[in-house]
2 protein chains.
Amino acid sequence: MNNPIQPPVGTSSSRIYDTLRKDLISGRFAAGEKLAINTLKEQYQVGLSPLREALNKLAAYGLLTQENQRGFRVPKLSRNELDDIAQMRLELEGMALERAIAHGDALWEADLLAAAHRLRRTDVTLDKGEEWEQLHSHFHRTLVAPCGSVWLLRFIEQLHDQFDRYRRLGPKIPTIRQELDDQHHKLVELALQRDAKAARALMDDHIHKSYDVALARYQKHA
Amino acid sequence: MNNPIQPPVGTSSSRIYDTLRKDLISGRFAAGEKLAINTLKEQYQVGLSPLREALNKLAAYGLLTQENQRGFRVPKLSRNELDDIAQMRLELEGMALERAIAHGDALWEADLLAAAHRLRRTDVTLDKGEEWEQLHSHFHRTLVAPCGSVWLLRFIEQLHDQFDRYRRLGPKIPTIRQELDDQHHKLVELALQRDAKAARALMDDHIHKSYDVALARYQKHA
DNA sequence: TTAGATAAAATAATCGATTTTTTAATATAC
DNA sequence: GTATATTAAAAAATCGATTATTTTATCTAA
């Protein structure tokens, strides 16, 4: 019944990019680790050219560092950088949320409700970790989507990816998930009420709490 | 006397990246233009692999767009995007300037004075256009350098590159250069006086004036 | 020993050619 | 004529092999 032969979608280069991006964010590689290109080639079963193109993009994006003639490394983590990222999230996501609340339409409201609902209904345990992460990212993207600035959204996305390198350090044990998830729903409520001020305050708190989680994991990790 | 044979610095890939970045910002390629890789290969005298790696990085950075199986294009320009970029510059550079004024030390003050002086002393006409651009970028980088956030600096740099695609459209005639250059010096003054509020106000005005220049060029261009 | 030179191995970067996909040109049916 | 199919040309993506550079191991002289 189901389409027996699935032709791979996209180019080899774009697929390995997506895969590596996820793996870098989820902590599959150790911070500071040097990437052995030939090993990657085997592990991911891709050719050298598409692999190098993906690595170059990831370096430009900030999920890898590159030094001439000595390949690619996973960027080190630091308390200072975590603070920087969290601070920037506060500024940029706060700004974006206020603007989204000012401009978002009825379709946005519907998307928000849907995204929050799916997020709550997916148990983070039970081997659904990666799915939960997807839904979580999607929720936060949806929240700020109608802010009106392509560049702001781009920067926020980038910061999320960086932040998650800290938040997802170590074993996949649920932390204060419940509390954070409640905040997701409260954020939706306030957004629907168009209460920009309160929403921003809650977003600040949400980022602060996430920061505490990330920091704890970072410190345990080190 | 002078070192007769200069070995090329960096990898072929990193050199072509730098060159293309400059050329994309300076408007050497038309907006929306499709890049013919084989032509580039000849024009810049580089191999296919380093060239593609550079193009991939530029796409991740936002100076090119990439569509699977159909290569690279120079991103289109739009009034909306120009407004977006300028708005983001207002927010981010304002933020960065305030923080820089709070944290910058004596060395920073010296760097600032030097950067502003060199900028004024380089005539934008007389075939020094590219040199002036370099000094101008450097001045603005210096101004916000001690803001304390690596990510903020990174985003600002990216926005500058994007903004300059608009500002540098069309022939290289000096516009209201004098007025803008005066502002550079006033910015230094206010920074040295640690007057964050006034400095930010002036920076806002500076970006607004630059925006007017960029918009005029964009409209003439279209 | 140990700092520095030398050789060998490993890795990164690049090249030239091949394969795949898209685009353009031409033909064929309605 | 217009739409669809077929073929030819062009371009993008990928592969396999080569070259250049760095890293590691080994040697030698103070």
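Lettering of chains follows the sequences in order, A, B, ..., and the numbering in each one begins at 1. These numbers come from the heavy atoms of this one structure, side chains and all, not from hydrogens, waters or symmetry mates.
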Within this structure, what is the [atom1]-to-[atom2] distance between [X] and [N], rounded to whole angstrom?
{"X": "A:Y17", "N": "D:dA13", "atom1": "OH", "atom2": "P", "answer": "16 Å"}
{"X": "B:L48", "N": "D:dG16", "atom1": "CG", "atom2": "C1'", "answer": "14 Å"}
{"X": "A:I16", "N": "D:dT14", "atom1": "CD1", "atom2": "C1'", "answer": "14 Å"}
{"X": "B:L35", "N": "D:dA13", "atom1": "CG", "atom2": "C1'", "answer": "16 Å"}
{"X": "A:N38", "N": "C:dA9", "atom1": "CG", "atom2": "P", "answer": "17 Å"}
{"X": "B:E67", "N": "D:dA13", "atom1": "CD", "atom2": "C1'", "answer": "15 Å"}
{"X": "B:L51", "N": "D:dT14", "atom1": "CG", "atom2": "C1'", "answer": "15 Å"}
{"X": "B:R15", "N": "D:dA20", "atom1": "CZ", "atom2": "P", "answer": "13 Å"}

Inset, instruction - Measure the spacing between CG of A:L97 and CD1 of A:I156 and express it to the nearest 0.5 Å. - result: 9.0 Å
Legend entry - Mutual orientation of the aromatic rings belonging to A:H206 and A:H140 [parallel < 30°, tilted 30-60°, perpendicular > 60°]: parallel
Inset, instruction - Fit a plane to each ring of B:F155 and B:W151, take the angle between them on a 0 to 90° scale, and name the class: parallel (under 30°), tilted (30 to 60°) or perpendicular (over 60°). - result: tilted
Legend entry - Residue-phosphate contact under 4.0 Å: B:R70 side-chain N/O, D:dA11 OP1/OP2: no
Legend entry - Along DNA chain D (nearest heavy atom to each residue), the more 5'-positioned of B:Q66 and A:K34: B:Q66
Inset, instruction - State whether a side-chain donor-acceptor pair under 3.5 Å links B:D161 with B:Y61. - result: yes
Legend entry - Sugar-phosphate only, base, or nothing, as touched by A:S12 at under 4.0 Å among non-hydrogen atoms: sugar-phosphate
Inset, instruction - Would you indicate what B:T11 reaches in the nucleic acid, counting non-hydrogen atoms under 4.0 angstrom: base, sugar-phosphate, or nothing? - result: sugar-phosphate
Which of these nucleotides, [options], is closest to any side-chain atom of [X]?
{"X": "A:I37", "options": "D:dT14, C:dA12, C:dT14", "value": "C:dA12"}
{"X": "B:R52", "options": "D:dC15, C:dT14, D:dA12", "value": "D:dA12"}
{"X": "B:Q69", "options": "D:dT22, C:dT22, D:dT14", "value": "C:dT22"}

Inset, instruction - Could you tell me which non-hydrogen atom of A:T142 sits nearest to which non-hydrogen atom of A:W108, and how far apart they are? - result: O-NE1, 2.9 Å
